[in-house]
Every structure is written in structure tokens, then in C-alpha cells.
Amino acid sequence: MCDMFPYPSGDLHMGHAEAYAIGDVIARYWVLKGFNVLHPIGWDAFGLPAENAAIKNNVDPGTWTYANIEQQKASMRNYACSFDWDRVLYTCDPTYYRWNQWFFLEMFKRGLAYRKYSAVNWCTQCQTVLANEQVVAGLCERCDSQVTKKKLAQWYLRITDYADRLLEDMDQLEGKWPEKVLLMQRNWIGRSQGAHVQFVIEGREEPVSVYTTRPDTLFGATFFVVAADSDLAAELASGTPAEAEFNAYLDKVKASSEMDRLESGREKTGVFLERYAINPVNGEKIPVYAADYVLADYGTGAIMAVPAHDQRDLDFARAFKLPVTVVVDSDEDPRETGIATTDNGVLVNSGPLDGLTKAEAIPRMIEVLEERGTGSAATNYRLRDWLISRQRYWGTPIPIIHCEKCGEVAVPEDQLPVELPSTEGLDLSPKGVSPLATAHDWVNVACSNCGGPALRDTDTMDTFVDSSWYFLRYADSQNSEAAFDPKKVAEWLPVDQYVGGVTHAILHLLYARFWVKVAHDMGLVDFVEPFTRLLNQGMVLKDGSAMSKSRGNLVRLTEELEINGVDAIRLSMVFAGPPEDDIDWAEVSPSGSKKFLARAWRLAGDVTSEVGADPTQGDQQLRKATHKAIRDGELNVESLRFNVLVARVMELVNATRKAIDTGCGPADPAVREAVETVAIMLSVVCPYTAEEMWMLLGHEPTVARAAWPTVDPSLLVEDSVTCVVQIAGKIRDKLQVSPDISQAELEALAMASTEIIDALTGQEIRMVVVRAPKLVNIVLK
RNA sequence: GUCCCCGUAGUCCAAUCGGCAGAGACACCCGGCUUAAACCCGGCACAGUGUGGGUUCAAAUCCCACCGGGGACACCA
């Protein structure tokens, strides 16, 4: 049972309260069921908030981080989280991050980590590069600032090599992860099938390849578009009469923000480059444009435009008065409607493809292209390689030395960890270059290969590296010889139940899945998916919106605990609704929880029978209620419906209260059985109250180690059940029948009922539906 | 714009396979306890399942459309 580990920014808030209450219920339940449960915790301790706080308050980021961790740790202990405190890890500790470096070098050796000079996402506020996954709608995921493009040499991890496996292994997660998360991951990877098609450009030696999912429409390609910000566009424009116009356009494109670019309904713009491409299937000369609606970093950065059957191409064709050729038959004519047709018609005006459907035409066209050597089938992905370099201080140093002679040299394993230099004398403020670059004593080293003068890589790793494998480290968190002992990981992992917010649906979960697959290929783990089951708990809202410092609607856990107590808060969180739903704090009633806890606790004091009293001698009705509660409790915990679990315990408390006051009385052994059951079931949610009850009942501590009660199946069988007798769907009579009554017996019984006989007088029966033992429906003509 | 999820008492939420709409709680109201109140104990009451169709002996549950709320993606060729 693993909770997503926290980031140590300030004290815990109500969001943590919900997540950890849920995780703790699961962990405590399985302990009571007799399982050996690993319920670890650690801190995701590297990252920008610490660094920014350090700059602002002029303290060491480590000092700030560890102070916050201590505060959170104290709150967690108070909150009664059953964490294994011997296995705690902090990702900012060299004993942890040295294994980030080790993994990185292993990947470097395998060609999975590489350095590349290219246009990258640059956050103007954080002054660092960002991974694709960290750019949300053109803004920095962390600070919501504008993201621009910048050309830099950066380190990447080859996650695209794993795209197919990341998709295909999702089959294992079907039904165990939220459907929504699986869908988001699929969309993010964005695999599509199509073809590469080679177009000769007049006056250029090399043909240019385009990617298309609709090679069948190649006869309808009437123009050609290259991404304005691609190298190809600049090259094609250079030396043409259009060069000046192109440069002006490019400047405009660069100046427009990512936000503008994403705006929907935006008019298509572009520049004719005064050059022509040759359509490989019909030899037609088609004009080449540069435009910003084609993305430089998807596919090949160039497209064949088929305006009749692609809306974007059609919009562009209409704006630039370009011809539109229909090659898929349809009732509507895109030239008139302005709407591109994408339905499954029959191919026309397409030479050898005429008369074929889309499904037939695509493979046929690929054959034609392959015969002529001008194209081939292709798979394309939206997923890009994971850029992990960051130009900030508070992260894992990249263990590479740059030597003039030897190039990129891995730091030898016996020199790991490459520790961060002291912040003393360093200026951490964001300035576009890693602060590590100014730690001269640290940067200048002898090349470990040739001994010559060399420089350390001054970037640090994305903190998502830290969280991509921490759950593996829990199995062996003190290991100083290796990231972990594979045998220990095999013993505990994969994580049976992972709990955390849906905000990590893509980033963290995708990276962790990738990392585990790499570890699998390295022979370190014997599984390919890190988290067997995933629960995304909802958010805790205040007055309809997410709690945040800026809104000023933050509810601090510490204060709530002082007012209401730990158990009441845990209970309120769990009882407020299904765990995946958002909770509005305004609708939560800790006082109601307190009332219930007091009510449950009072039961323990009322029991007068001795410890060990034989319940089989007790009141059968109460025993049935008890065992039904146990059974339902199991079902509800195991299907993660903790709110219903609580309702069942409340039900049992009510039944017991009644039994004591007006039923069998407090001395009945069934009362003891019921109250002990309440204590044990309640202990997963409210451990303090349950412990008090356990002691009042005369038991030795601790209820957390008591066994979950065993259900007596004979007590689950009802003596009789109510059968509803309907005529034409309306209830006319109710019968008390044995639960194992036969269909025929029940029908006979129903037909013999005086009410039914009366109601059927003068009626003709068409059919009788019998569902023993619950229902009989008599249908009339 | 496309896709996905959700609409059940005043409120939060339950309801194995389609089979008596109500488990639990909040709030309200009424009794009991109390000099009185709080606490506590007990009880009453409250919806026919967003709307309109369809399938079925039978629909909160399955299908279609619409309305309302939430979310994801958004020039991915």
C-alpha cells in the first residue's frame, strides 16, 4: 500500500488529510486480515519551491526542506498514519540521489540517455527548460508563466523507445486503474498509423518526407506546407523571391505566444515560398507554403495538404484561394460547404484507387508507394523524449564530465554520488544558467578518462526522475551498495494499491511506468508495471473551489485536529463520499463525526460480560447484524467504498445500542461480540477511539493487531425473505418465504394468496415471471 | 470544436444480475430525560431517481435525444 509521497512545502492541509486517511484505512485493513503490509512514506524533497523559498529568505534550500519535513512528519504521526518509519527516504539526500545518478549512467551506457541540441520549452519565470509534459496550454505547469522556445543542448531520456510498451502494457491495468487515467495516457502517447510519403521539391536534391494518416487521399493533395519555424522552411525560402516575406512572417510567428497559437477559430496564415513540390503519384506540381498551423516537432514538420478532406487544409486553401480536389465521394461538396469531408466514401479521381473504400485504399496506396520507392507505412507518436536537464540548483547533479578531448564522459561509479556543492557563495537566483556553473571549484575537474582539464555538467535533473522509482527504494531504503536488492523488490513490489491525486495522471505515472520498464530490461525487476491498482482520490474544496493560498481558503490540518480531534477528521474525510469524488469542506461535519464516535465509545463501557464470553450462546438477531456488518465491511473496503464501510459500522452501532437498551441487555455475549466488532472495524478509520474501546472491553493493546473477525456464514442466511408479488408490475402482496424456496413452490404460493386471487378475478393471465425468492410478477393480457 | 464522466429527499450520499427507490449521515421538526438548556435516548417527515422517448413482464440501472454540472484534449496531418 503506497501513498504518493508528499512535497515538503509547509504543513499538511486537508487534501493530505483525505489522501492519507484513505491510504491508512487500506493499510490497516490488510494488517487486520493477517497480511504483512508495507506502508511506507518518504519525501519528494528536491524542486523549485525549496529553491525559491531559499532565495527569498536567504537560507539553504536543504535547511528549509528538512524543517518542513519535520513539521509534516509530526503531523502525520499525530494523524495516526501507520507508516513504516524505518524506511523513510528523502530524495534530496545523497544516499538517495546517488542512485538517480547511477540509473542515469546505466541509461547513458544503454543509449537511453543522450544529449541533443534543439529547440526546447523555456519557462521565462523559472528560467529553466521544461519537459513537454510540464507545458500546459502554453504555460508552465508550475508557475503559469509564458513558455517560449529556446535552442539548447540538453539531456533526454529515450522514452519514445518505450511508446509501444507503454501503450500495450496498459492492458494489464484495465479495470484496475481509473479509465480516465488510462485514456489520458493513451492520448498523450498518441500513436497513429499512416505512411511516410516522399515529395521531390524542385531545385532540391533530397526529397522531403511527410507523415500522413490518409495516404489514400494523396491524389487530392493540392499544395504542400512546411512548419514556418522549421529548418526546412528557412532552407527552402533562402534565395527565393519570397525570402524577405518569409523572414517577416517567421518573426511574427516567433513573437506570437503559444497562447495565441492555441486560440481556436484562428485564421490560417502563411507564405508562398515560390517553390513547388511534385506529387509522387500523379506528377502534379503543387505550391509549397510555410505556415504556423503545421508543427515543426510533430511528424516531419511538413505535410501534404488535402483540402477536400482535412478541415485545416481546407481553411488554408480558402484563405489562399488554392484548388480543392475531391478524391473521396460524398453527398456534400467541401468546395461549397467549406466543411472538409472525412466520412467513408469511395475513392474517385485517384487512378488505381478509384472505387475502393478508405480501408482498402490505404494499404493499396502504401503498396504503390513502396513499389515506386516513394513512401512506406509508418507509425507516429505524439510522445517526445523526456527532457530531464534543469538549469536550477536544488536537484540531482547530472553525473557527466565534459572533456575537450573525450567529449561526454560518465563519472565513474566509484565516484558517485556527485554531491551538490554548498550553497555558500552561490547565487541561486534564476538567470538562465545553472547556479552550479558558478561553483568553480566544483565545476572544474580532471577528466576521469584522460586526466585533462574538464568541466562538470552543471544542470540538475528534473525532479520527476526522483519520483519515478522511489517506490522501489522503499523495499530496501537503507541499501548503500545498490539502488535496491532485486530480491527485496521482488518480495514487495509491484505496489498492490497506489493512492494519489489525479493531477499526476500523465507526468508522474507515465515516467514511473517507463522507469520500471527500463529497470525490467536491466534485469532489476521481474514486473513491467509499477502499480497494480490505482486510486485517485478527489480534491478537498472550499466553497466550490480548490483550496489555495492565493484564494485564501486554505484549511490547515493542524488547526482542524486541535478543534475536532484526529479520529473525527479522519472519519469525516472517509465518510464524506466516495473516495474519488471531490469533497466540499463546507459540507463536511466533523461535529457529526464526533457525536458518532462518542456513541460508539459508550457501547464499550456498557458491556458487562467477561472477555471470552461465548457469543454462540448470545442473541441471534444481534449476531446476524454483527456478521452481516463484517461481511459488508470486507466487501466495501476491498472495493474502495470506505464511505459505505462507515455506514455499515454505524448501522451495527445502532443495532447494538438498541439491543443493550431494549433488547437482550448488556450482559448478553452477543453484545460483547458486536462491540468488539465495532472496535476492530472502526480501528481502520479511527484508531484512537477504537483503542480506547478495546481497553474498556478488557483487552490488551493493541486493537491494530487484533484479527479482523471471521464471518460465520450460517449467520448470513436469512430465516425468511420478503417476496413481492406484483400484478402488471404493481405490488399487490408480500409473502414471507424461505430463501431457498423453489420457483414452482413460490409461484404456487403467490397464486394461492387471497389478495392475488381477488385481484385476478375476471382477468386473463398472459405469463408469470418468478424470480425466487424475491419476486413474482403476474402479467395480464 | 471533439471526447469522457456525473444528475436519486433541503444537503452529502446508499441501492450484487434490470426485480419492494433508502443503508448511513447532516439539517429540520416532534417527544422523553432536565427547574431549564446542552448532551443523550426515541420518533416523525421529506424524493419516485434532470427532461422526453425507446427496449423489457419489470428501468435509478440498458439504448437514443435534449437540458444542467464537472473534467480531459484542443491546429498531432
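Numbers restart at 1 for each chain; the letters A, B, ... are given by sequence-line order, proteins then strands. Please read these numbers as outputs of a predicted model, since none were measured by experiment.
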Applying the Watson-Crick and G-U wobble criteria at under 3.5 Å, what pairs with [N]? Answer none if nothing qualifies.
N	result
B:A74	none
B:U35	none
B:A65	B:U51

Report all interatomic pairs (protein N or O, nucleotide N or O of nucleotides 14-17 of chain B) with separations under 3.5 Å.
| residue | atom | partner | partner atom | Å |
| --- | --- | --- | --- | --- |
| B:A14 | OP1 | A:Asn643 | ND2 | 3.4 |
| B:A15 | OP1 | A:Arg641 | NH1 | 3.1 |

Notebook entry, point to check: Should the pair A:Lys268 and A:Tyr293 be classed as cation-pi, given the thresholds of under 6.0 Å to the six-membered ring centre and 45° from the axis?
Noted result: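 Geometry flag: set, cation within 6.0 Å and 45°.
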
Margin query: Tell me whether the side-chain N or O atoms of A:Lys595 pair up with the base of B:C40 as donor and acceptor below 3.5 Å, since no angle test is needed here.
Written below: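 In this structure, the two groups form no donor-acceptor pair.
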
Margin query: What's the closest nucleotide to the side chain of A:Met650 if the choices are B:C26, B:A25, B:A23?
Written below: B:A25

Item checked: Residue A:Phe575, side-chain atoms from C-beta onward, closest of B:C41, B:A25, B:A77 ->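 The closest nucleotide is B:A25.
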
Next item on the list: Measure the distance from CE on A:Met767 to P on B:A58 and round it to the nearest whole Å.
Entry: 9 Å

Checklist line | Derivation of the side chain to side chain donor-acceptor pair (under 3.5 Å) call for A:Glu638 and A:Tyr29 | finding: CA-CA 9 Å; A:Glu638 290 175 29; A:Tyr29 171 76; 2.4 Å; yes

Would you say [N] has OP1 or OP2 under 4.0 Å from some side-chain N or O of [X]?
X	N	result
A:Tyr293	B:A77	no
A:Asn187	B:C4	no
A:Arg599	B:A25	no

Next item on the list: Using a heavy-atom cut-off of under 4.0 Å over every strand shown, decide if A:Lys658 touches base, sugar-phosphate, or nothing.
Entry: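 Touches sugar-phosphate only.
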
Note to self: Please classify the nucleic acid contact of A:Asn654 as base, sugar-phosphate, or nothing, using heavy-atom distances under 4.0 Å.
What the structure shows: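 Sugar-phosphate contact only.
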
Notebook entry, point to check: For B:G31, is chi within 90° of 0 (syn) or not (anti)?
Noted result: anti

Anything under 3.5 Å between a protein N or O and an N or O of nucleotides 19-21 of chain B, put it in a table, one pair a line.
| residue | atom | partner | partner atom | Å |
| --- | --- | --- | --- | --- |
| B:G19 | O6 | A:Arg771 | NE | 3.2 |
| B:G19 | O6 | A:Arg771 | NH2 | 3.3 |
| B:G19 | N2 | A:Asn777 | ND2 | 3.4 |
| B:C20 | O2 | A:Lys734 | NZ | 2.5 |

Note to self: Are more than 12 heavy atoms, taken from residues, nucleotides or ligands other than A:Glu332, located less than 6.0 Å from that residue's CD atom?
What the structure shows: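 At most 12 heavy atoms, drawn from other residues, nucleotides or ligands, come within 6.0 Å of this atom.
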
